[in-house]
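Structure first, then comments.
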Amino acid sequence: MSADSFVSAASIRDRFASAMSRMYQDEVPQYGTLLALVADINARTLADDPALAKRMAAANELDRLSVERHGAIRVGTPAELSVLTRLFAVMGMAPVGYYDLAAAGVPVHSTAFRPVNTEALSINPFRLFTSLLRLDLIGDADLRERAADILAQRDIFTPRVRELIARFEIDGGLAEAEADEFVTEAIETFRWHENATVDYATYEALAAEHRLIADVVCFRGPHINHLTPRTLDIDAAQAAMPEYGITPKAIIEGPPQRAVPILLRQTSFKALEESIRFAGDTEGRHTARFGEIEQRGVALTPDGRALYDRLLAAAQTYKSSSNADYQAALAGIFEEFPDDLETLRRRELAYFRYEAVGEATSDTAAPTDDHSALEALLAAGRIKAHPIVYEDFLPVSAAGIFQSNLGNGEAGNGAAAASQAALEEALGRPVIDPFALYAEIEAESKRIALDTLLGPRATAV
Ligand code: OOG
Ligand code: NI
């Protein structure tokens with residue numbers, strides 16, 4: 001089998017993302033309604049804001065918008081997570097970032113599997129927020145052992161998907177028919193099952209410890225618990241939800257509305273309670289799955305992020321007010337955060353991708369250092385700076401999303417030490433530092449833009 005006849009990772013990811021979206025629409029019809037709402041809002045936003053449409057088109061970001069989603073799953077054991085690392089590698093998705101949710105009382109730690117380079121992201125940026133249950137945070141030793149025993153008995157992967165992953169690893173790719181089969185088999189892992197693997201008493205005991213533990217341990221697999229489309233105007237989408245029969249969570253998480261969106265704003269809504277058949281034929285109920293929308297903005301540098309974290313922390317005391325009051329307080333506090341692209345760029349608060357416009361001409365060859373050359377070329381309109389979209393997640397927002405959908409705000413084991421090393425051991429590889437990825441995209445684009453206009457030079461920017 002030659003590399004030419006392999007299907008690209010991006011194409012497999014694209015097929016997988018759309019198969020998951022179809023499956024979730026069948027499982028949770030409200031998600032289909034949400035897709036329609038977001039598509040309407042996005043079309044209206046682009047029509048009302050031609051500058052935004054032009055900027056997104058120039059940055060090659062319009063095509064991905066209609067397929068853009070993130071999802072979330074929760075697995076029970078390191079062994080499950082290690083196979084997921086290999087499964088997502090088939091689709092060009094690698095674990096990026098470490099999120100410690102235990103600090104917020106949710107007994108998991110997480111990463112996001114996602115594509116990492118600009119081209120792959122522009123085709124389909126599908127990401128999966130993936131959490132590993134921390135059984136070590138269950139206080140009761142008997143219950144902890146019982147949960148581990150239950151998890152040890154399940155296999156969340158089909159035998160065929162395991163074979164196809166191995167085939168990919170040996171051959172270096174999958175052929176057309178195998179790629180389709182891979183997608184069909186892979187989504188089985190994320191399907192909803194209304195039959196629990198345990199009896200009602202066991203479910204209740206685990207749920208009493210933490211609802212999330214019951215959600216992870218009592219089912220055959222890590223059902224996809226939400227899929228999140230990207231909206232260009234989350235305030236409009238939130239306001240329109242009731243018209244579409246959807247009740248959103250009270251507060252929009254993340255930064256306030258701004259002229260230049262930064263990072264990520266999110267809101268979610270509770271899905272209906274589902275009826276569950278427990279072992280021994282008892283009927284019961286469980287809320288597992290919900291809906292969410294998000295608006296993405298520019299990725300921040302460590303300095304920008306530190307400023308964001310400081311301002312967000314200052315706003316937390318207002319979180320119990322209404323969304324309108326909270327957003328007003330947040331907006332006031334965030335006045336300190338520059339809100340125009342040029343200041344964000346000059347003060348190195350956000351990441352940008354540079355692009356040369358046109359070809360080299362004799363007048364562009366300036367005998368200055370790269371930094372001055374870049375600024376001069378930007379001023380002359382010979383280089384464009386595109387804000388780089390934030391592709392990751394925010395721990396405080398994620399904690400808010402988890403909690404609002406678990407129906408409780410347990411303070412939990414806040415003192416438990418975060419353990420990135422333990423998550424990496426389970427993944428079978430280190431997580432990628434998101435800042436390093438954005439910085440690399442920025443530096444590489446700078447180098448190429450300057451090389452294009454000035455020719456290769458000895459110095460780095
Ligand atoms: C994941 C919650 C986090 C987000 O968008 O921050 C998340 C979960 O509930 O499993 O999806
Ligand atoms: Ni989410």
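Here the structure is a predicted model, which is why all the values come from computation and not from measurement. Residue indices begin at 1 and follow the sequence shown.
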**Derivation of the ring-ring contact (aromatic ring centres under 6.0 Å, His included) call for His193 and Phe219** = CA-CA 7 Å; His193 301 283; Phe219 296 90; 8.6 Å; no

**Within 6.0 angstrom of Glu440 CD, more than 12 heavy atoms from elsewhere** = no

**Item:** Considering all heavy atoms, the nearest Tyr308-Leu394 contact
**Value:** OH-CD1, 3.7 Å

Report all side-chain donor-acceptor pairs from residues 6-15 shorter than 3.5 Å, counting only partners two or more places apart or in another chain.
unit_1 : atom_1 : unit_2 : atom_2 : d
Ser8   : OG     : Ser11  : N      : 3.0
Ser11  : OG     : Arg15  : NE     : 3.2
Ser11  : OG     : Arg15  : NH2    : 3.3
Arg13  : NE     : Asn124 : O      : 2.7
Arg13  : NH1    : Met91  : O      : 2.8
Arg13  : NH2    : Ala120 : O      : 2.9
Arg13  : NH2    : Asn124 : O      : 3.2
Asp14  : OD1    : Asn124 : ND2    : 2.7
Arg15  : NH1    : Glu176 : OE2    : 3.0
Arg15  : NH1    : Asp180 : OD1    : 2.9
Arg15  : NH2    : Glu176 : OE2    : 3.3

**Message:** Arg74 vs Ser110, test: side chain to side chain donor-acceptor pair (under 3.5 Å). Steps then yes/no.
**Reply:** CA-CA 9 Å; Arg74 306 150 182 174; Ser110 318; over 6 Å; no

**Message:** Quick check: closest heavy atoms across Leu454 and Ala373, and the distance to 0.1 Å?
**Reply:** CD1-CB, 3.8 Å

**Asked** Given side chains that start at C-beta, do those of Ile156 and Pro222 come closer than 4.5 Å, heavy atoms only?
**Response** yes

**Prompt:** Are any of the side-chain heavy atoms of Met241 and Leu37 separated by less than 4.5 Å?
**Reply:** yes

**Message:** For Val431, is there any backbone N or O sitting under 3.5 Å from a side-chain donor or acceptor partner on Gln420?
**Reply:** no

**Message:** Would you say Glu274 and His286 are linked by a side-chain donor-acceptor pair, where the criterion is simply a distance under 3.5 Å?
**Reply:** no

**Message:** Which residues pass the side chain to side chain donor-acceptor pair (under 3.5 Å) test with Asp340, not counting sequence neighbours?
**Reply:** Thr343

**Min side-chain heavy-atom separation Leu128-Phe126 under 4.5 Å** = yes

**Request:** Report yes if some heavy atom in the side chain of Pro255 is under 4.5 Å from a heavy atom in the side chain of Leu330; otherwise report no.
**Result:** no

**Request:** Would you name the heavy atoms of Leu35 and Ser21 that are closest together and state the gap between them?
**Result:** CD1-OG, 3.9 Å

**Distance (rounded to the nearest 0.5 Å) between Arg134 CZ and Leu132 CG** = 9.0 Å

**Message:** Counting only heavy atoms not in Gln316 (residues, nucleotides, ligands), do more than 12 fall under 6.0 Å from its CD?
**Reply:** yes

**Item:** Ile41 side, atom CD1; Leu46 side, atom CG - distance, nearest 0.5 Å
**Value:** 11.5 Å

**Asked** Would you say the side-chain atoms of His223 and Asp215 include a donor-acceptor pair closer than 3.5 Å?
**Response** yes

**Asked** Looking at Lys446 and Glu444, does any basic side-chain N land under 4.0 Å from a carboxylate oxygen?
**Response** no

**Asked** Mind checking whether Arg64 and Arg230 have side chains closer than 4.5 Å, heavy atoms only?
**Response** yes

**Prompt:** Charged N to carboxylate O below 4.0 Å: is that the case for Asp48 and Arg44?
**Reply:** no

**Message:** Would you say His386 and Glu355 are linked by a side-chain donor-acceptor pair, where the criterion is simply a distance under 3.5 Å?
**Reply:** yes

**Backbone N/O of Arg353 and side chain of Ser445: donor-acceptor pair under 3.5 Å** = no

**Request:** Please confirm whether the backbone N or O of Glu391 pairs with a side-chain atom of Arg127, one donor and one acceptor, at under 3.5 Å?
**Result:** yes

**Request:** Apply side chain to side chain contact (heavy atoms under 4.5 Å, CB included) to Phe182 and Val161, showing your working.
**Result:** CA-CA 6 Å; Phe182 171 83; Val161 88; 4.0 Å; yes

**Prompt:** Taking the side chain from Thr130 and the backbone from Ala112, do they hold a donor-acceptor pair closer than 3.5 Å?
**Reply:** no

**Item:** Side-chain donor/acceptor of Arg347 to backbone N/O of Leu349, under 3.5 Å
**Value:** no

**Message:** Can a donor-acceptor pair be found, under 3.5 Å and without considering hydrogens, that links the side chain of Arg429 to the backbone of Ala94?
**Reply:** no

**Message:** More than 12 heavy atoms of other residues, nucleotides or ligands under 6.0 Å from OH of Tyr318: yes or no?
**Reply:** no

**Message:** What I want to find out is whether Arg114 reaches Asp392 closely enough, with some N-O distance under 4.0 Å, to be called a salt bridge.
**Reply:** yes

**Request:** For Thr231 and Ala237, work out which heavy atoms get closest and say how close.
**Result:** OG1-CB, 4.1 Å

**Request:** Search all heavy atoms of Asn42 against all heavy atoms of Leu232 and return the closest pair with its distance.
**Result:** OD1-N, 2.8 Å

**Asked** Can you tell if the side chain of Phe269 reaches within under 4.5 Å of the side chain of Leu34, non-hydrogen atoms only?
**Response** yes

**Message:** Salt bridge check, Asp26 against Arg22: does any charged N sit closer than 4.0 Å to a carboxylate O?
**Reply:** no

**Prompt:** For residues Arg69 and Tyr24, is any side-chain donor paired with an opposing acceptor at under 3.5 Å?
**Reply:** no

**Prompt:** Under 6.0 Å between ring centres, would you say that holds for His70 and Phe393?
**Reply:** yes

**Item:** Interatomic spacing from CG in Leu374 to CZ in Arg447 - rounded to 0.5 Å
**Value:** 14.0 Å

**Prompt:** For the atom pair CZ (Phe334) and CD (Gln257), what is the distance rounded to the nearest 0.5 Å?
**Reply:** 13.5 Å

**Prompt:** Looking only at heavy atoms, which two atoms of Phe157 and Thr189 are closest? And how far apart?
**Reply:** CD2-OG1, 3.6 Å

**Asked** Looking just at side-chain N and O atoms, do Tyr244 and Asp40 make a donor-acceptor pair shorter than 3.5 Å?
**Response** yes

**Asked** Can you check whether Gly76's main-chain N or O pairs, donor with acceptor, with Glu80's side chain at less than 3.5 Å?
**Response** yes

**Any donor-acceptor N/O pair, Asp100 side chain to His109 backbone, under 3.5 Å** = no

**Prompt:** Taking 4.0 angstrom as the limit, do Arg220 and Glu188 come out as a salt bridge?
**Reply:** no

**Prompt:** Does a side chain donor of either Gln238 or Thr267 reach within less than 3.5 Å of an acceptor in the other side chain?
**Reply:** yes

**Request:** Report the distance from atom CD1 of Ile293 to atom CG of Leu227, rounding to the nearest 0.5 Å.
**Result:** 14.0 Å

**Message:** With a 4.5 Å cut-off on side-chain heavy atoms, are Thr287 and Glu273 touching?
**Reply:** yes

**Message:** Check whether Glu178 reaches the backbone of Ala175 with its side chain - one donor and one acceptor, N or O, closer than 3.5 Å.
**Reply:** yes

**Prompt:** Distance-only, no hydrogens or angles: does the Tyr98 side chain make a donor-acceptor pair with backbone N or O of Glu424 under 3.5 Å?
**Reply:** no

**Item:** Exceeds 12 heavy-atom contacts within 6.0 angstrom, atom CG of Asp63
**Value:** no

**Message:** Quick check on Arg55: does its CZ atom have over 12 non-hydrogen neighbours (other residues, nucleotides or ligands) under 6.0 Å away?
**Reply:** yes

**Request:** Can you spot which of Lys319, Gln266, Arg265 makes a side-chain hydrogen bond (donor to acceptor under 3.5 Å, both in side chains) with Glu253?
**Result:** Lys319

**Asked** Run the side chain to side chain donor-acceptor pair (under 3.5 Å) check on Glu292 and Thr228 step by step: do they pass?
**Response** CA-CA 5 Å; Glu292 184 190 40; Thr228 304; 2.5 Å; yes

**Item:** Minimum side-chain heavy-atom gap Leu450-Leu453 below 4.5 Å
**Value:** no

**Asked** Do the rings of Tyr99 and Phe129 sit parallel, tilted or perpendicular, given the 30° and 60° boundaries?
**Response** tilted

